[in-house]
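Worth saying up front: this structure is predicted, and the values here are computed from it rather than measured.
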Amino acid sequence: EAGVAQSPRYKIIEKRQSVAFWCNPISGHATLYWYQQILGQGPKLLIQFQNNGVVDDSQLPKDRFSAERLKGVDSTLKIQPAKLEDSAVYLCASSSRAPGSTGELFFGEGSRLTVL
Amino acid sequence: GESVGLHLPTLSVQEGDNSIINCAYSNSASDYFIWYKQESGKGPQFIIDIRSNMDKRQGQRVTVLLNKTVKHLSLQIAATQPGDSAVYFCAENMYGAGSYQLTFGKGTKLSVIP
């Protein structure tokens with residue numbers, strides 16, 4: 001079974017520029033999550049989707065971050081404009097279970113962002 | 001300048017010894033817990049989970065213990081191998097902002113000495 005695919009793996013941009021990350025979850029997984037992982041810390045949830053609807057985006061900095069999952073399959077996360085503190089690994093995860101229910105999340109390898 | 005991440009707690013063990021990684025969780029209402037392993041440059045990988053109505057669960061070479069009285073979780077790895085070297089995170093399923101979320105702890109870096 002193919003895992004969660006993310007791209008790009010690495011991105012370096014200057015502050016105030018924009019960047020977009022793409023995620024393709026495991027086939028059939030209705031729930032998709034974006035996490036931000038700053039160096040030396042645990043992943044922090046940004047947003048979770050069930051199919052094409054947002055379940056929780058309370059921790060997404062909406063002045064600069066946006067995410068969509070228009071057809072309920074793949075998803076994009078955008079940052080515009082980027083700040084130095086956005087340097088992190090952006091992890092996408094998917095699950096066959098409803099948001100917040102028990103069961104493991106399957107993570108992609110992440111997209112590492114460096115903002116200069 | 002570039003911000004510096006928090007210094008991770010570390011645990012060094014000899015190959016073949018048992019490892020115990022501890023985690024304190026925050027919410028007494030959390031009903032489900034997972035341990036994840038994260039190798040350098042990779043995403044977190046599921047190890048084992050436990051529901052709040054249990055106090056122990058065993059997998060292959062791993063055991064998770066849950067003490068709800070003191071809100072403590074531990075992961076025991078038997079006969080630790082070099083391939084176990086990674087950062088280990090506990091995560092709790094807790095309710096916040098209108099939905100359940102899987103919230104991760106800070107992580108512990110396990111180094112296995114050959």
Side-chain angles (χ1 to χ4, degrees), chain A residues 3-6 9-10 12 15 23 25 31 33-50 53-60 83-95 97-116, chain B residues 1-10 21 23-27 29-54 57 59 64 73 86-109:
Chain A
V4 176
Q6 291 189 245
R9 286 297 313 277
Y10 305 94
I12 300 173
K15 58 184 179 183
C23 171
T31 310
Y33 305 79
W34 283 102
Y35 280 82
Q36 179 193 57
Q37 186 174 26
I38 293 172
L39 181 66
Q41 299 183 20
K44 172 191 163 188
L45 179 66
L46 293 175
I47 188 169
Q48 52 181 328
F49 295 91
Q50 184 168 18
V54 175
V55 173
D56 184 354
D57 62 357
S58 58
Q59 298 184 83
L60 188 73
K83 292 186 175 181
L84 296 178
E85 59 261 35
D86 298 332
S87 293
V89 175
Y90 291 87
L91 293 162
C92 179
S94 71
S95 172
R97 297 178 180 269
S101 63
T102 58
E104 70 175 285
L105 304 186
F106 295 84
F107 282 86
E109 296 203 315
S111 295
R112 180 179 295 275
L113 173 66
T114 302
V115 182
L116 303 177
Chain B
E2 185 174 351
S3 61
V4 177
L6 295 175
H7 186 67
L8 279 174
T10 57
I21 301 171
C23 174
Y25 63 92
S26 60
N27 192 332
S30 294
D31 62 352
Y32 177 66
F33 305 87
I34 304 182
W35 279 100
Y36 278 90
K37 171 186 180 182
Q38 188 174 29
E39 296 175 276
S40 181
K42 296 188 176 181
Q45 180 183 13
F46 174 89
I47 302 173
I48 191 168
D49 59 0
I50 188 168
R51 296 176 188 268
S52 60
N53 61 353
M54 303 170 68
R57 188 161 190 228
V64 55
L73 202 63
V87 177
Y88 289 80
F89 294 97
C90 66
E92 61 182 302
N93 195 42
M94 54 189 288
Y95 191 82
S99 70
Y100 280 93
Q101 303 174 6
L102 199 61
T103 301
F104 285 75
K106 294 179 181 177
T108 296
K109 183 176 182 180

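When Pro43(A), Gly42(A), Cys92(A), Gly110(A) are compared by the number of non-hydrogen pairs under 4.5 Å with chain B, Pro43(A) comes out ahead.
The aromatic rings of Phe104(B) and Tyr36(B) sit tilted, their planes meeting at an angle between 30° and 60°.
For the side chain to side chain donor-acceptor pair (under 3.5 Å) with Gln101(B), the lone residue among Gln59(A), Lys44(A), Gln48(A) that qualifies is Gln59(A).
Contacts between Gln38(B) and chain A at a heavy-atom distance below 4.5 Å involve the side chain alone, from C-beta outward. Interface remark: Leu116(A) contributes no atoms to any contact with chain B (heavy atom separation under 4.5 Å). Neither the backbone nor the side chain of Phe33(B) has a heavy atom closer than 4.5 Å to any heavy atom of chain A. Heavy atoms of Arg9(A) lying under 4.5 Å from chain B belong exclusively to its side chain. Within the 4.5 angstrom heavy-atom criterion, only side-chain atoms of Gln37(A), from C-beta onward, approach chain B.
Side-chain contact check for Leu102(B) versus Tyr33(A): every heavy-atom pair is 4.5 Å or farther apart. The closest side-chain heavy-atom distance from Asp49(B) to Arg57(B) is below 4.5 Å.
Side-chain contact annotation: Asn27(B) with Glu92(B), donor-acceptor N/O pair under 3.5 Å absent.
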